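Just so it is clear, the values below take in all heavy atoms, side chains as well, and ignore hydrogens, waters and symmetry mates. Just so it is clear, the structure is predicted and the values come from calculations on it, not from any experiment. In what follows, chains are A, B, ... by sequence order, proteins preceding strands, each numbered from 1.
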Amino acid sequence: MKIATWNVNSAKARLPLITDWLRLTSPDVVLFQEIKCETAVFPGAAFEELGYHVAVVGQKAYNGVALLSKTPAEDILTRLPGEPEDEQARYIEATVAGIRIASLYLPNGNPIPGEKFAYKLRWMDRLYAHARDLLAREIPFVLGGDYNVIPQDRDVYSPADFAGDALAQPETRAKFRALLNLGLTEAYRALHDDDRAYSFWDYQAGCWPRDKGLRIDHFLLSPQAADRLAECVIDRGPRGGEKASDHTPVILELRDV
DNA sequence: ATGGTTGCTGCGCAA
């Protein structure tokens with residue numbers, strides 16, 4: 001089973017690029033972040049035409065996540081538990097082919113200090129609690145998306161430039177490590193030891209042509225999902241095209257059972 | 001380079 005995650009930075013602005021890529025790559029499951037539209041105006045029909053079932057949680061202008069699947073998604077959860085008053089559309093999770101799969105858009109958290117960083121840390125605590133709950137229930141799962149976390153200095157072109165950034169703070173990294181220490185596997189790093197394996201390049205200051213990127217889009221796997229881990233690759237192709245998102249897709253391959 | 005770009009919105013904000 002091939003599962004892709006992609007922060008598309010507007011589903012509508014990126015629609016032709018996305019559909020071209022789906023035809024080319026044909027993932028079984030696709031996780032989008034930053035669709036930047038309300039649920040009702042998400043261009044789901046364009047994906048249904050390609051054979052996908054579509055589950056969406058959107059909001060006006062900001063955030064928004066979606067989960068596409070070639071087989072139907074069941075038991076769809078549209079919010080991360082733990083803070084009922086949180087209205088931001090950052091989490092969707094469903095069962096596809098017997099596995100819980102989530103598309104998540106973890107808060108950016110800048111600037112620091114401030115309410116946005118506090119929200120990021122709370123959100124990470126909620127993700128931790130939820131992952132722990134799924135583990136306790138022995139439910140196999142894959143948590144994919146834009147984590148807005150630079151796990152290690154090697155995952156950014158210039159650690160010094162990000163020393164004051166929410167994506168690389170010690171507290172941010174500690175909470176990400178805590179997730180791993182629950183027994184989760186970070187798919188890309190489990191298989192690859194290379195540097196410059198970026199998934200995001202800022203639009204500004206020629207970051208893409210200069211390869212000044214960050215690795216912030218990740219897949220975290222439960223032990224049962226990790227047993228099936230076959231490959232994880234970053235597809236830099238879509239970042240180089242016209243009207244590109246600032247993120248590029250990451251693709252996970254799980255062996256069939 | 002106290003710069004630079006993009007999307008959505010509504011004449012700024014988030015990334």
Report task. Looking at every strand, decide which applies to A:F200 at a 4.0 Å heavy-atom threshold: base, sugar-phosphate, or nothing. Result -> nothing
Residues of residues 119-127 of chain A with a heavy atom under 4.0 Å from any atom of DNA chain B, listed by number, are none
In whole Å, what separates the P atom of B:dT6 from that of B:dC11? 23 Å
* To do: Determine, stepwise, if the pair A:Y128 / A:N181 fulfils side chain to side chain donor-acceptor pair (under 3.5 Å).
  => CA-CA 10 Å; A:Y128 178 91; A:N181 289 336; over 6 Å; no
Mind checking A:R90 for me? I need base, sugar-phosphate or nothing, with any heavy atom below 4.0 Å counting as a touch.
sugar-phosphate
With a cut-off of 6.0 Å (strictly less than), are more than 12 heavy atoms of other residues, nucleotides or ligands near CD of A:E242? no
Practice task
Before giving the answer on side chain to side chain donor-acceptor pair (under 3.5 Å), spell out for A:Q33 and A:H247 the whole-Å C-alpha distance, their side-chain angles and the decisive distance to 0.1 Å.
Solution key: CA-CA 10 Å; A:Q33 302 87 39; A:H247 294 250; over 6 Å; no
ask   = Does a side-chain N-to-carboxylate-O contact under 4.0 Å join A:D125 and A:K175?
value = yes
Spacing of the P atoms in B:dG10 and B:dT5 (rounded, Å):
25 Å
Whole-Å distance, A:F117 CZ to B:dA15 P, equals 14 Å
Is it the case that A:R79 places NZ or CZ above or below the six-membered ring of A:Y91, under 6.0 angstrom from the centre and within 45 degrees of the axis?
-> no
Whole-Å distance, A:L106 CG to B:dA15 C1', equals 14 Å
Whole-Å distance, A:D161 CG to B:dA1 P, equals 12 Å
Atom CD of A:Q33 and atom C1' of B:dA14 are separated, to the nearest Å, by 16 Å
Worksheet entry | Whole-angstrom distance between B:dG7 and B:dG3, as gauged at atom P | 23 Å
Note: A:A225 and A:V142 closest approach over all heavy atoms is CB-CG2, 4.1 Å
inquiry  = Can you tell whether the side chains of A:R122 and A:E115 come within less than 4.0 Å, N to carboxylate O?
reply    = yes
Reading nucleotides 3-11 of chain B from 5' to 3' and marking B where a protein heavy atom lies under 4.0 Å of the base, S where only the sugar-phosphate is that close, and - otherwise, the string is -BBSSSS--
Tested for side chain to side chain contact (heavy atoms under 4.5 Å, CB included) against A:F47, the lone hit among A:I18, A:V56, A:V30 is A:I18
To the nearest angstrom, the CD-P distance between A:E34 and B:dC13 comes to 18 Å
Charged N to carboxylate O below 4.0 Å: is that the case for A:R173 and A:D153?
-> yes
Exercise for review: Please state the C1' separation for the pair B:dG4 and B:dA15 - nearest whole angstrom.
Suggested key: 13 Å
Separation of B:dA1 atom C1' from A:R210 atom CZ, nearest Å, is 10 Å
